[in-house]
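For reference, the structure is listed below as C-alpha cells.
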Amino acid sequence: MSNADVVLLDLVEFVPEKDKPSAREGLGDVVRQLREGGAEVFAQVDSELLYADLHACVCPELTGIVIAHLESVAQIEEADALLGQLEDERGILHGTLEIVASLETAEANQAASQIASASSRISGLTLGRAELVMDLRPEPSGEIHLMQYLMQRLITVAGSAGVTPYGAWWRAPDRGLLATPENTGQAALRGRAIGFKGSFCVLDNQVEPMNQGFTPTAKEVDEAQNLLEEYRAAVSAGAASIRRGDRIFDAGASLQAQVVINRASACAVHNKSKADAKAGRPVPAP
Amino acid sequence: MSILVRRSNLMVPVTNEQFVAGAWRHGSDAITLDLEDGVTPALRAEARELVMDAVYTAGKGAAEVFVRVNKGFLEADVDASVWPGLTGIMLPKVESPEDVIEASDVLNDAERSRGIKPGTLRLILLLESANAVMRVREIIAASDRVSQVGLDESDLSASIGVNPSPEFDPFVYARGRVAIEATAAGVQPVGVAYPLTTMPRLLPGEDMLKVATDSKNLGFKGIICPHPSWIASVNTAFTPTESEVDIYTQVREVFAQAIAAGTAAVPFAGRMIDVPVDEWAKVVLATSIACQLRDTEKQTALAATSG
C-alpha cells in the first residue's frame, strides 16, 4: 500500500474500450477498500462517458472525480448535475463531490477561467496530457517550451479561481512509467517552485519523491521561521525591512515565509492523519 | 510622440526621516513615499502627518513624487497625500476595476477640495494576486489616470503559494501578460527581471545594469527601486545609448533615401530596414530626447538646490 495522499482510479487512459464495462463493475468496492487505507479516492472519468462512469464510481467514500479530456463548460455542468443526482440517490451530502478538470486541448485551456468557475465542485485544474493532445512535441533538446506557458497560465487561472493547480514540471522523456524516482522528485520540486501543489504519478516508487518534492524541506521551514522572527522583531522596532547580506527582506518576503510555514504544517497534519488511518486510529473528516 | 520617462522610482518609507531627507539626491525619475508595507501599522497615523513635508522634500531634485497608499485606508491616506508637488498615488493590491474607479473617485474629490486641476493626479497600479493578473485588461482600462502598472511579485508568490527559487521563474506568464496588456492599453509596464522581484538584493553596478537591461528587454519601461543603489544602473539601462542613437539616426536617413528611391526595404549595417524598423527608430530617438530633457530637469533642480 503506497503512501499517496490520493489514489486516482482510472477509467480512461489505462482501460481499453472493451474492458470498460467490467472495470466499472465493482468500482465502488475498490473505492471503499482504498479509502480505509487513509488515502482520498478519486476516479478519473471520461468527459464523453460521464453517465456510465459516474454511476460506476459515486459512493460515499469517493472524494471526487478527475474529468479527462475536459473540453467545455457544458461538460462541467453535465457532470455537476449528474453528481448532484447521484449524491441525492446514494446518501451523500449534496454538493460535496469534487471535480478536478483536466485541460488537455487548446479549447479547454482557452476557456480555463470559465471552466474553473463553472461549478462550486471544481477543486482543482490540471493539464493532463496537453503536450500530446495538442501536439506540443519535445524539441531535440527534450524541452517542450510551450508547456511552461501552459503550466503558468493554468496556475494563474487556478489561483484566480481559488482552486488547486495540479501538475509537475516534467522533462522529456520523463513521464508516467518512465520517470525514475529521482527525476520524479525533481519534477515535483520544479512544479512546486512555480506554484503546483501536487501531481499525478503511476508507479509506487514515484509516490514518496512526489510527496517530498511538494513538501517544504526542513531547511526551507527553518529559514522561513528565522526570517519571520527577525522581521517581526525589526517591525516592532519600527523598521520596514531587514537586510541580510545583500538581500532585502520586506513585508512580501515575510508573507512568503508564512506561506512556507503554513504549507509545511498542513503537510505534517495530513501525514499524521494518513498514518492514523493506516493504524486503524480514528481520523477526523477532512 | 509624447514619452513618459519614469525609469527609476525609488521607494522610501515615509517614516524614515533620514531616507526621506536624502531621497532626492539619488537621481531617480520618481520617488514613492511609502505609507503601506514600508510603515509599521502602529506608526500609520503618525506617518500620515509626515507626508506633506516629505512630498516637498522628495521633489527637490525634480523627481515626480508618488505616495503608496493603503488600499484599506484609501481616503485617509489620499487626504494626507494630496498636496502641491504630488504627481499621484501608487495603489497596491489592486484586484478589480472597481478598486481603480474608487481610487480615481477619491482623487477627484481631493483634487477639487485642494484646488488641483481635475484629472491630473496619476495612478501607478500594483497587482499582487493571480486574480489581478487575469483581470489586468479591465483593471488598467478603468481610469485614464493609470500611467504605469506592475506586479508585486513578492506578494504574488505568497498569493499563489510559491516559495520562489532563483532557478525557476514562476512568473513568465504573469509578467508577459501584464507587459502585453499594458503596452496595448498605452500604459507603461514596470518591473524587474527575475529573480530580483521576489528576492530584492543589492548588486554591484555592473550586475544591476545587466538586470535592468534584461528588464527593459522584457518590455518594461521602468523599475520600482527598493534601494538607491539601483537607480544609476536603472536610468542607464532604460536610456538609449549613444551608439543606439547614432545607428537609429542613420536608419532614419537610409530609410528616407530608400523611400525617395522607390523602395521600402533596404539593407543597412547587416540588417534589413523596413517600416517597422523605421517606426522603432522614431521611438528610440524620441525616447532619447525625452530622457535628455528629464535628466536636464533633474540636473538643473539639483544645481539650484545645492547652489
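Numbers restart at 1 for each chain; the letters A, B, ... are given by sequence-line order, proteins then strands.
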Taking side chain as C-beta onward, heavy atoms only, is [X] less than 4.5 Å from [Y]?
X        : Y        : answer
B:Ile160 : A:Ile155 : yes
B:Ser154 : A:Asp250 : yes
A:Ile248 : B:Leu202 : yes

Residues of residues 213-232 of chain B contacting chain A, heavy-atom criterion under 4.5 Å, by residue number: B:Pro226, B:His227
Taking all non-hydrogen atoms of both residues into account, name the closest pair between B:Val39 and A:Ala240 and its distance. N-CB, 4.3 Å
What are the two closest heavy atoms between A:Gln152 and B:Pro170, and how far apart are they? OE1-O, 3.0 Å
In terms of heavy-atom pairs under 4.5 Å with chain B, which of [options] leads?
options                                : result
A:Lys197, A:Gln258, A:Arg247           : A:Arg247
A:Gly159, A:Ala193, A:Ser254, A:Pro216 : A:Ala193
A:Met151, A:Arg190, A:Arg153, A:Arg192 : A:Arg153

When rounded to the nearest 0.5 angstrom, what distance separates CZ in B:Phe168 from CG in A:Leu189? 7.5 Å
A:Leu255 CG to B:Asp152 CG distance, which is reported to the nearest 0.5 Å: 9.0 Å
If we count only N and O atoms by modelled type, under 3.5 Å, do the side chains of A:Glu220 and B:Asn163 hold a donor and an acceptor together? yes
Per-residue tally against chain A (heavy atom, under 4.5 Å) across B:Ser165, B:Gly176, B:Ala130 peaks at B:Ala130
The interface call for B:Val172 against chain A, heavy-atom contacts under 4.5 Å, is both
Heavy-atom contact with chain A under 4.5 Å, split by part of B:Asn16: neither
If one checks every heavy atom of A:Arg263 against chain B at 4.5 Å, the contacting part turns out to be neither
At a heavy-atom separation under 4.5 Å, does A:Ala239 approach chain B through its side chain, its backbone, both, or neither? backbone
What pairs with A:Glu98 under side chain to side chain contact (heavy atoms under 4.5 Å, CB included), at least two apart in sequence or on another chain? A:Phe42, A:Thr63, A:Ser123
